[in-house]
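Before any comments, here is the structure.
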Amino acid sequence: RAREAGGNGWRFYDAAMNREVSERLAMRNGLRKALERREFELHYQPQVELADGRLVGVEALVRWRHPEQGMVAPLRFIPEAEESGLIVPIGKWILREACRQAAAWRAAGLDVPYVAVNLSAVQFQRGDVVLDVLEALSASGLPPQALELELTESVLLHDAEGVLATVRRLRELGVRLSIDDFGTGYSSLAYLQRFPVDKLKIDQSFVSRLGEGEDGRVIVSTIVQLARSLGLGTLAEGVEDEALARQLAGLGCRFGQGYCFGRPMPADGLAEWVAANPARLPAARTPA
Ligand code: C2E
Ligand code: MG
Ligand code: MG
Ligand code: MG
């Protein structure tokens, strides 16, 4: 396409490449400064028991409050943070901040059973995740059972032996482990059996296909049965309406997360959310 532009084709291509390089460098510098200037913040999304809407935990989701661009979504900066290795110090801050916040909720009497933190594969390759987790727990005083770590299937694929040892160490600390976006990667049954995880998070692409007929139902129910046979729990991601929530519960999925229950919100919004969303008794959902 660049060549079709005519005689200046290659120059055009160079210009586009230069622009990409300079944008990435700017992003990288911005990320480095953002850490120093404390421009990252965590939002929290409720995870509930599908049967009664009870809050079982929250997922911490990072945002970048950019001085000029406003709130920047993670998908716009996490890839460059991973590429540059900056996800290691950023991820360390995320762990500390999530644990600090979860401990603060507990101290304030708000019952948030756990906070789930996303870990990038790069944190396993280039960081010391076990040390970062230990530091975050000890600085906050949060009990390890109140921290969940979300790993993607890609984490489990790289350097399987090294990662397996790390995951086992994390498990020994007493933290919970889940597999994020389950079904989008390549984890085999053998991997699932070897890695001591507690829960599979069913990717939202499968959840949204539930409403579209038999095929969607088969995939979700297969994942639920697989999890059950391995002794793992299941949480559905991206549950956008009540009909989906009921369908998921009917298929044996126990937990859910999505706009239908609550969007990611700043930490100080959670107390209000809890007050506005008392656990509904099953009886209240199906009036006689
Ligand atoms: P994820 O971990 O799978 O997080 C779920 C994403 O789905 C979040 O997007 C959330 O806002 C969105 N979501 C939740 N409920 C619904 C729903 O009902 N419908 C739809 N359409 N979307 C829903 P977000 O916050 O933009 O994060 C995107 C991804 O960025 C995350 O996917 C995760 O892979 C990554 N990410 C976010 N925070 C962190 C972090 O602290 N560390 C790392 N390493 N990655 C992060
Ligand atoms: Mg996640
Ligand atoms: Mg996910
Ligand atoms: Mg996802």
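Atoms within each ligand, like the ligands themselves, are counted from 1 in listed order.
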### Query
So, do Tyr44 and Trp273 have ring centers that fall under 6.0 Å from each other?
no
### Task
Write the atom name of the N, O or S atom in Asp180 that is nearest the Mg ion (ligand 3).
OD1
### Query
Which atom, among the N/O/S set of Glu237, is closest to the Mg ion (ligand 3)?
OE1
### Message
Once you measure the plane-to-plane angle for Phe40 and Trp93, does it fall in the parallel (<30°), tilted (30-60°) or perpendicular (>60°) bin?
### Response
tilted
#### Entry: Electrostatic pair Glu59:Lys201 at N-O distance under 4.0 angstrom
yes
### Task
Verify the distance test for Asp181 against the Mg ion (ligand 3): any N/O/S atom under 2.8 Å, yes or no.
yes
### Message
Are any of the N/O atoms on Gln257, whether in the backbone or the side chain, positioned under 3.5 angstrom from an N/O atom of ligand 1?
### Response
no
### Message
Using a plain distance cutoff, I'd like to know if Glu240 has any nitrogen or oxygen under 3.5 Å from a nitrogen or oxygen of ligand 1.
### Response
yes
### Message
Could you identify the N, O or S atom of Glu59 positioned closest to the Mg ion (ligand 2)?
### Response
OE2
### Message
Is the contact between Pro264 and ligand 1 made by the side chain, the backbone, both, or neither, using heavy atoms and a 4.0 Å cut-off?
### Response
side chain
### Query
Are Arg209 and Phe206 in a cation-pi contact, defined as NZ or CZ under 6.0 Å from the six-membered ring centre and within 45° of the axis?
no
### Of the listed options Phe261, Tyr259, Phe77, closest to atom 16 (C) of ligand 1 (non-hydrogen atoms)
Tyr259
### Task
May I ask you to identify, for Ile94, whether its side chain, its backbone, both or neither come under 4.0 Å of ligand 1 on a heavy-atom basis?
side chain
### Query
Hey, quick one: are Val115 and Leu170 part of the same hydrophobic cluster, counting side-chain heavy atoms closer than 4.5 Å, chains of contacts allowed?
yes
### Query
Which ligand 1 atoms, with their elements, are less than 4.0 angstrom from a heavy-atom of Pro74?
24 (P), 25 (O), 26 (O), 27 (O), 28 (C), 30 (O), 36 (N), 37 (C)
### Query
Which atoms form the tightest heavy-atom contact between Leu119 and Phe124, and what is the distance?
CD1-CE1, 3.8 Å
### Of the listed options Glu237, Glu150, Gln204, Arg263, closest to atom 7 (O) of ligand 1 (non-hydrogen atoms)
Gln204
#### Entry: Polar contact flag for Asp181 and ligand 1 (N/O pairs, less than 3.5 Å)
yes
### Message
Regarding Arg96 and Asp132, does a basic nitrogen lie under 4.0 Å from an acidic carboxylate oxygen?
### Response
no
### Query
When you measure from the Mg ion (ligand 2) to each N, O or S atom of Glu150, which atom gives the shortest distance?
OE1
### Message
Parallel, tilted or perpendicular, judged at 30° and 60°: which one describes the rings of Phe195 and Tyr191?
### Response
parallel
### Message
Would you say CZ of Arg217 has more than 12 non-hydrogen atoms from neighbouring residues, nucleotides or ligands within 6.0 angstrom?
### Response
no
### Query
Does even one non-hydrogen atom of His43 get within less than 4.0 Å of ligand 1?
no
### Summary
In this structure, CE of Met265 is separated from CG of Leu61 (nearest 0.5 Å) by 11.0 Å
### Query
Which ligand 1 atoms are under 4.0 Å away from a heavy-atom of Gln45?
14 (C), 15 (N)
### Task
Using a 4.0 Å heavy-atom cut-off, say whether Val239 meets ligand 1 through its side chain, its backbone, both or neither.
backbone
### Query
Does even one non-hydrogen atom of Gly91 get within less than 4.0 Å of ligand 1?
no
### Lys/Arg N to Asp/Glu carboxylate O, Arg194 vs Glu161, below 4.0 Å
yes
